[in-house]
Amino acid sequence: MNRSDADGGNAREGGTRNGGARGESGGSAGGAGHAGAPAVGDTVIRPAVDDAAEVPTVADVSLNGADRAERPDRVSSVLVAVGPGPHSGATVDVAREIADATEAWLELFHVVPSDAALADAGPDEDASGTAVDAGDPDATDYAAAGERLLDAAEDRLAGFDRADRWLVEDRTAAGAVVEQSAYYDLVVVGAPTTGTVGRFVFGSTTDTVVGDAEVPVVVVEADGSTALDAE
């Protein structure tokens, strides 16, 4: 199972993606430098997640739906939900650690609200997963704010070279992540947050993705705030 866009991933209408062309990652069972990595044929998902839980910025990492993996001995592509929540930086940190252990590609994925989502939001609500300041002249330019978050996520990867980015419009972030999950081997999301800002990406989205994604889902809780938009 290689659920990368090179194998027919679904480029949703309204989404833009860029980054290097993704080739075969090799699907190696365990990256170089990870002593005690499983042998070919053994599961790599749980050991990689367990190792990622040791990242200093992380308070807790949980693996959900491990039985959904068609090839538990290989992880070649990981969808990373990028948003403004307090766990977003740690989410990127964990995703990178998993990718290092499995030689996977990362897709940094951010969802901005479609016109329908904005129309459904009440006058005092923020339908976006992107944090914007009220005084910011670009406060309604969710795409620009989303690109800034993706920039911050790429910066946090610190030179990791197996990563693409994708900004997509959708009515809900949960729907976008669940739909795209079919084209990846693993999804990594931040823990649920409270408050209006961030719910579009990390609030009820987390529970929905855990319940409905077609592949295993890793949920990351930060040890303190690691919000990408605050960096």
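Residues V80 and E107 fail the side-chain proximity criterion, which asks for heavy atoms closer than 4.5 Å. Proximity of V215 to V187: side-chain heavy atoms (C-beta onward) are separated by under 4.5 Å at one or more points. Looking at heavy atoms from C-beta onward, P56 lies out of side-chain contact with D223 at the 4.5 angstrom threshold. The closest side-chain heavy-atom distance from L186 to V218 is below 4.5 Å.
With hydrogens and angles ignored, the 3.5 Å screen pairs a side-chain donor or acceptor of D185 with a backbone N or O of S77. A distance-only check finds a donor-acceptor pair linking the side chain of S88 to the backbone of G83 [under 3.5 Å]. R162 places a side-chain N or O within donor-acceptor distance of the main-chain N or O of A99, the cut-off being under 3.5 Å. Between the side chain of T206 and the backbone N or O of V219, no donor-acceptor pair lies under 3.5 Å.
Closest of all the heavy-atom pairs between D207 and P192 is OD1-CG, 4.3 Å. When all heavy atoms of A173 and V111 are compared, the closest pair comes out as CA-CG1, 3.9 Å. What you find for E97 and A52 is that their closest heavy atoms are CG-CA, 3.6 Å. Taking all atoms of both residues into account, the shortest heavy-atom contact from V177 to F109 is CG2-CE2, 3.9 Å. The heavy-atom pair separating I98 from A48 by the smallest distance is CG1-O, 4.0 Å.
Residues passing the side chain to side chain contact (heavy atoms under 4.5 Å, CB included) test with A153, sequence neighbours excluded: V82, V92, L108, L228. Take D151 and apply the side-chain hydrogen bond (donor to acceptor under 3.5 Å, both in side chains) test, not counting sequence neighbours, and it matches R165. D50 pairs by the side-chain hydrogen bond (donor to acceptor under 3.5 Å, both in side chains) definition with nothing, not counting sequence neighbours. Every residue meeting the side chain to side chain contact (heavy atoms under 4.5 Å, CB included) condition with A90, not counting sequence neighbours, appears here in chain and number order: T57, V58, V220, A222, T226. Applying the side chain to side chain contact (heavy atoms under 4.5 Å, CB included) test to A213 and every residue at least two apart in sequence or in another chain returns R68, S181, V209, V217. Evaluation of the side chain to side chain contact (heavy atoms under 4.5 Å, CB included) rule for A53 yields V61 as partners, not counting sequence neighbours.
Distance OG1/T102 to CG/D73: 11.5 Å, rounded to 0.5 Å. The distance from the CZ atom of R46 to the CG atom of D51 is 12.5 Å, given to the nearest 0.5 Å. Note: E103 CD to R74 CZ = 12.0 Å, rounded to the nearest 0.5 Å. The structure places OG1 of T172 at 10.0 Å from CD of E179, a figure rounded to the nearest 0.5 Å. Note that CG of L79 and CH2 of W166 are 8.0 Å apart. Values are rounded to the nearest 0.5 Å. One finds the CZ atom of F160 at 8.5 Å from the CH2 atom of W105 (value rounded to the nearest 0.5 Å).
Applying the salt bridge (Lys or Arg N to Asp or Glu O under 4.0 Å) test to residues at least two apart or on different chains, the pairs with a partner in residues 83-94 are D93-R156.
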Worked check of side-chain contact (heavy atoms from CB on, under 4.5 Å) between V75 and I45: CA-CA 7 Å; V75 176; I45 296 175; 3.6 Å; yes
